[in-house]
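Taking it in order: structure first as structure tokens, then the write-up.
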Protein chains: 4
Amino acid sequence: MRKTPKQERSRQMIDTLIDATARCIIEKGLDFTTTSRIAELANVSVGSLYQYFSSKEALIEALMNNMASDIGKGLQRLPISETSTLRDLVTGAIHYGFTMLNSRNGLYLELARNWHRLPTDKVANALQQHFLELSRIYFLKYYREYPIENLEVRIFIIVNSTIFTMVRLISQENSMWREEDVENGLIEMILAYLQTKTTAA
Amino acid sequence: MRKTPKQERSRQMIDTLIDATARCIIEKGLDFTTTSRIAELANVSVGSLYQYFSSKEALIEALMNNMASDIGKGLQRLPISETSTLRDLVTGAIHYGFTMLNSRNGLYLELARNWHRLPTDKVANALQQHFLELSRIYFLKYYREYPIENLEVRIFIIVNSTIFTMVRLISQENSMWREEDVENGLIEMILAYLQTKTTAA
Amino acid sequence: MRKTPKQERSRQMIDTLIDATARCIIEKGLDFTTTSRIAELANVSVGSLYQYFSSKEALIEALMNNMASDIGKGLQRLPISETSTLRDLVTGAIHYGFTMLNSRNGLYLELARNWHRLPTDKVANALQQHFLELSRIYFLKYYREYPIENLEVRIFIIVNSTIFTMVRLISQENSMWREEDVENGLIEMILAYLQTKTTAA
Amino acid sequence: MRKTPKQERSRQMIDTLIDATARCIIEKGLDFTTTSRIAELANVSVGSLYQYFSSKEALIEALMNNMASDIGKGLQRLPISETSTLRDLVTGAIHYGFTMLNSRNGLYLELARNWHRLPTDKVANALQQHFLELSRIYFLKYYREYPIENLEVRIFIIVNSTIFTMVRLISQENSMWREEDVENGLIEMILAYLQTKTTAA
DNA sequence: AATGAATGAGACTTCATTCAT
DNA sequence: AATGAATGAAGTCTCATTCAT
């Protein structure tokens, strides 16, 4: 029995367009990502683009959603074994972050740079949510004796701190700092912070 | 000896234009800051604008430089007495950061949001430099027994972590977190991090 | 003898499309009547639409022809008895006009508004022709003693005067005039005009 | 003392653009009147067009206002002497109407054809108002013994009847009727109508 | 025959920058 | 020096029509 070709083709066109958008952002930067350039990169007419996405924004939003889901999947694949220490966990997550930002030829980097003009909320929330769950699971499992207070706020601070420190680092042409050092620094900072007891407010 | 009126006028014109740019960014946001609006706010013609600044970018760069110098001056005014603990110092700096981002009707906030499209380097570098010096002085003075390793990298991480966590917090319409909690969290994180010894790489 | 199914289907498809066009014009107005919307309303593909009509214009022309024939049929059903006065006749016709323009949810109103961009000629001519015949019959029957001069021109004037006065009246959101008053006014005007002898040119 | 050249130039540009709009409508018809064509006809860049008119609609509205004021001025110049009969008055007005619709190479004709898509209200109201005043003055002066009832409604009917009968006549390629005959017919109709007493409602 | 995805010309509008006055 | 009118490339989006399946 044949698969439904319509939806197949639709799905493919949608993916092609989102992919073209990604490539355009990578090649030209978000500021020079235009609907006609996207269509051109997709080897498709502008009209087609608008048959599948009601606006440039919708297209970028779709890309962001893909991104959110990618990141989510990646996070779930992070290895957490019984012998994982908190340091292992944090190191893994930080590493994952750098991998992400350097992946796809800097696509995520450029999106992160422009977070304010983009429908970032979904991605950011997803990210925070994922880390929150990850942390909860971890702390419930292995740190029952050290319940973390204010976990949400801490995750918020850590996630944002990490992302933007990374983005800034990678964005610098000739950085004065080695990626390795910053990576280690972030790990230390996060670990130190997580092991802190909240002071009485 | 007469003052050189030309340069006086120039200086004044330049300041007026930079100020108009700031007001425009505050009122309309960076995306809707156009050269003609700037000129209009400065009560000056667009032509004049281009007599003093070769491009919109140049104008914004000047604004950024002013900003950098403002921030520098502010930092130098941070009170550090002999009795200041490290916590006092960090608390003061974080507070200063929030004050800055909320000052000038959100001008710095908007600029920080759009850092990637702006000539941020100078500001960021200035900021980092200032904090570096501040820290050096502090640690040399009171912590001679605890020499901080990798101070530059740590400052880089801390400054970026702080700025963007704050920006993200302030940018959220109805934030899920109280400013106070985030402020405290940042302070704890930074303090914990600074008191960490670098692990052997 | 079997009916020819092809032609049956054709006829039905054609009618469906014309009907969809009418519905689209009613719902969206002529300016927002697009081929794809028509096809959608007809539960048919755009491609099929073009199998039956060579262009959007052809489709609308067909609708106009249907309209002409509808109006013609309606006019023939206007009651003219032996005891009808001229006033009865005119009143009936004016009433018919208003009924028409308000019928089909304003379809004819919208078409009349846009007469210039449409192949109006057929409809207008049909209308004029019908009224001409109606008048001829009437005057021949009952007014033999008052032969109307220049009947064609008079009908032309009356028909156009009536249609557009009505269209303008109905199109006004909050008309300053009651429909009843305009209706009576038109009747008076037409009656007065028909009872006029042509002055020597 | 020099005239203010700015306003001079502005005024001239505005007039040029409105004039170009008029020419474009005349040459291409309203449907093919585009902002770039207008700019081209005005020997001006599109940008300039938008410096003076915020949108295509604004430009067309300005043209309509000019039209309204032209028509108003023309009406005020209609000769009404003491010896004018009602027939003289009506004849003059009808004549004026035909002159108008034929003037400016059919500009007003095309605008009248497209009344429904245009900001017609101002023009139509102006026209009705002018005729109303004209009629009031006339009837007050010379027909005190025959006060016209429902003058407003009558004027509404007459103005619309006249305009569209004319527009339809002129729009026909090879009209079946001589302009003279229709003109006379309209005059007779209007005169007959105005001399009618309103029937009790 | 039917489908509907694809096309692409063309519409409106913005804004950094220039240049005649 | 100052002005601000003029420029025009570039951007987003629509829709009648075609054509491969």
Side-chain angles (χ1 to χ4, degrees), chain A residues 5-10 12-14 16 31-40 42-59, chain B residues 6 9-10 13 31-40 43-59, chain C residues 6 9-10 13 31-40 43-59, chain D residues 2 5-10 12-14 16-17 31-40 42-59:
Chain A
K6 278 174 210 170
Q7 293 205 7
E8 278 297 301
R9 201 149 21 121
S10 274
Q12 189 178 307
M13 175 93 260
I14 286 173
T16 305
D31 277 324
F32 299 97
T33 291
T34 67
T35 48
S36 41
R37 260 202 266 262
I38 293 171
E40 197 180 7
N43 273 324
V44 142
S45 67
V46 212
S48 287
L49 189 157
Y50 279 91
Q51 199 131 39
Y52 290 94
F53 294 95
S54 61
S55 71
K56 191 189 171 187
E57 273 66 44
L59 188 45
Chain B
K6 270 183 204 170
R9 192 142 40 104
S10 280
M13 172 101 267
D31 279 326
F32 300 97
T33 291
T34 65
T35 47
S36 40
R37 263 205 263 259
I38 293 170
E40 194 182 8
N43 276 323
V44 143
S45 67
V46 217
S48 289
L49 186 157
Y50 276 88
Q51 201 110 43
Y52 291 96
F53 294 95
S54 61
S55 70
K56 194 189 172 188
E57 284 192 358
L59 185 46
Chain C
K6 269 183 206 172
R9 192 139 43 102
S10 280
M13 172 102 266
D31 278 326
F32 299 98
T33 292
T34 65
T35 48
S36 39
R37 261 205 265 260
I38 292 171
E40 194 182 9
N43 275 324
V44 143
S45 67
V46 214
S48 288
L49 187 157
Y50 276 88
Q51 201 110 42
Y52 291 95
F53 293 95
S54 62
S55 71
K56 194 188 172 188
E57 284 193 358
L59 185 46
Chain D
R2 288 214 296 127
K6 279 174 211 171
Q7 292 205 8
E8 278 297 301
R9 206 160 3 132
S10 274
Q12 188 179 307
M13 175 94 260
I14 287 173
T16 306
L17 282 169
D31 277 323
F32 300 97
T33 292
T34 67
T35 47
S36 42
R37 261 203 264 262
I38 292 170
E40 197 180 7
N43 272 324
V44 142
S45 68
V46 214
S48 288
L49 188 156
Y50 279 90
Q51 200 131 40
Y52 291 94
F53 295 95
S54 61
S55 70
K56 191 188 171 187
E57 273 66 43
L59 189 45

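No experiment lies behind these values; they were computed from the predicted model shown. Just so we're on the same page: letters track the sequence lines, and every chain starts at 1.
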How long is the straight-line distance from CG of A:Leu49 back to OG of A:Ser55, given to the nearest 0.5 Å?
9.5 Å
Can you check the A:Tyr50 OH to E:dA5 P distance for me, whole Å?
18 Å
D:Lys56 NZ to E:dG10 P: how many Å, rounded?
15 Å
Rounded to whole Å, how long is the line connecting atom CG of B:Leu49 with atom C1' of F:dG4?
12 Å
Select base, sugar-phosphate, or nothing to describe what D:Val44 touches, counting heavy atoms under 4.0 Å on all strands.
sugar-phosphate
B:Gln51 atom CD is separated from E:dT17 atom P, nearest whole Å, by 15 Å
If we ignore hydrogens and angles and just use 3.5 Å, is the side chain of A:Thr16 paired with the main-chain N or O of A:Gln12 as donor and acceptor?
yes
How many whole angstroms separate atom OH of D:Tyr52 from atom C1' of E:dT13?
18 Å
Nearest-angstrom distance from the residue atom CD of B:Glu40 to C1' of F:dA2:
17 Å
Check every strand shown and say whether C:Ser48 touches a base, only sugar-phosphate, or nothing at a heavy-atom separation below 4.0 Å.
base
Of all the choices, F:dC13, E:dC12, F:dA5, which nucleotide is nearest to the side chain of A:Glu57 once you look at every atom?
F:dC13
Give one of base, sugar-phosphate or nothing for C:Thr34, where a contact means two heavy atoms less than 4.0 Å apart.
sugar-phosphate
Would you say a side-chain N or O of C:Ser36 is under 4.0 Å from OP1 or OP2 of F:dC15?
no
Mind checking B:Arg37 for me? I need base, sugar-phosphate or nothing, with any heavy atom below 4.0 Å counting as a touch.
nothing
For residues D:Met13 and D:Tyr52, report the shortest heavy-atom separation together with the two atoms involved.
CG-CE1, 3.1 Å
Below 4.0 angstrom from OP1 or OP2 of E:dG8, is there any side-chain N or O of A:Ser45?
no
Using a 4.0 Å heavy-atom cut-off, does A:Phe53 contact any base of the nucleic acid, only the sugar-phosphate backbone, or nothing at all?
nothing
How do D:Ser54 and C:Asn43 order along DNA chain E: which one's closest nucleotide is nearer the 5' end?
C:Asn43
Partner lookup for E:dA5, please. Criteria are Watson-Crick or G-U wobble with both distances under 3.5 angstrom; report none if nothing qualifies.
F:dT18
Toward the 5' end of DNA chain F, which comes first, D:Val46 or C:Val46, by nearest nucleotide?
D:Val46
Measure the CD1-OG1 distance between A:Ile38 and A:Thr33 for me, rounded to the nearest 0.5 Å.
6.0 Å
A:Ile38 CD1 to F:dA10 P, straight-line distance once rounded to whole Å
17 Å
F:dG4 P sits how many Å from D:Met13 CE, rounded?
17 Å
Residue whose nearest DNA chain E nucleotide is more 5′ - D:Gly47 or D:Thr33:
D:Thr33
Side chain to side chain, C:Tyr50 and C:Thr35, heavy atoms closer than 4.5 Å:
yes
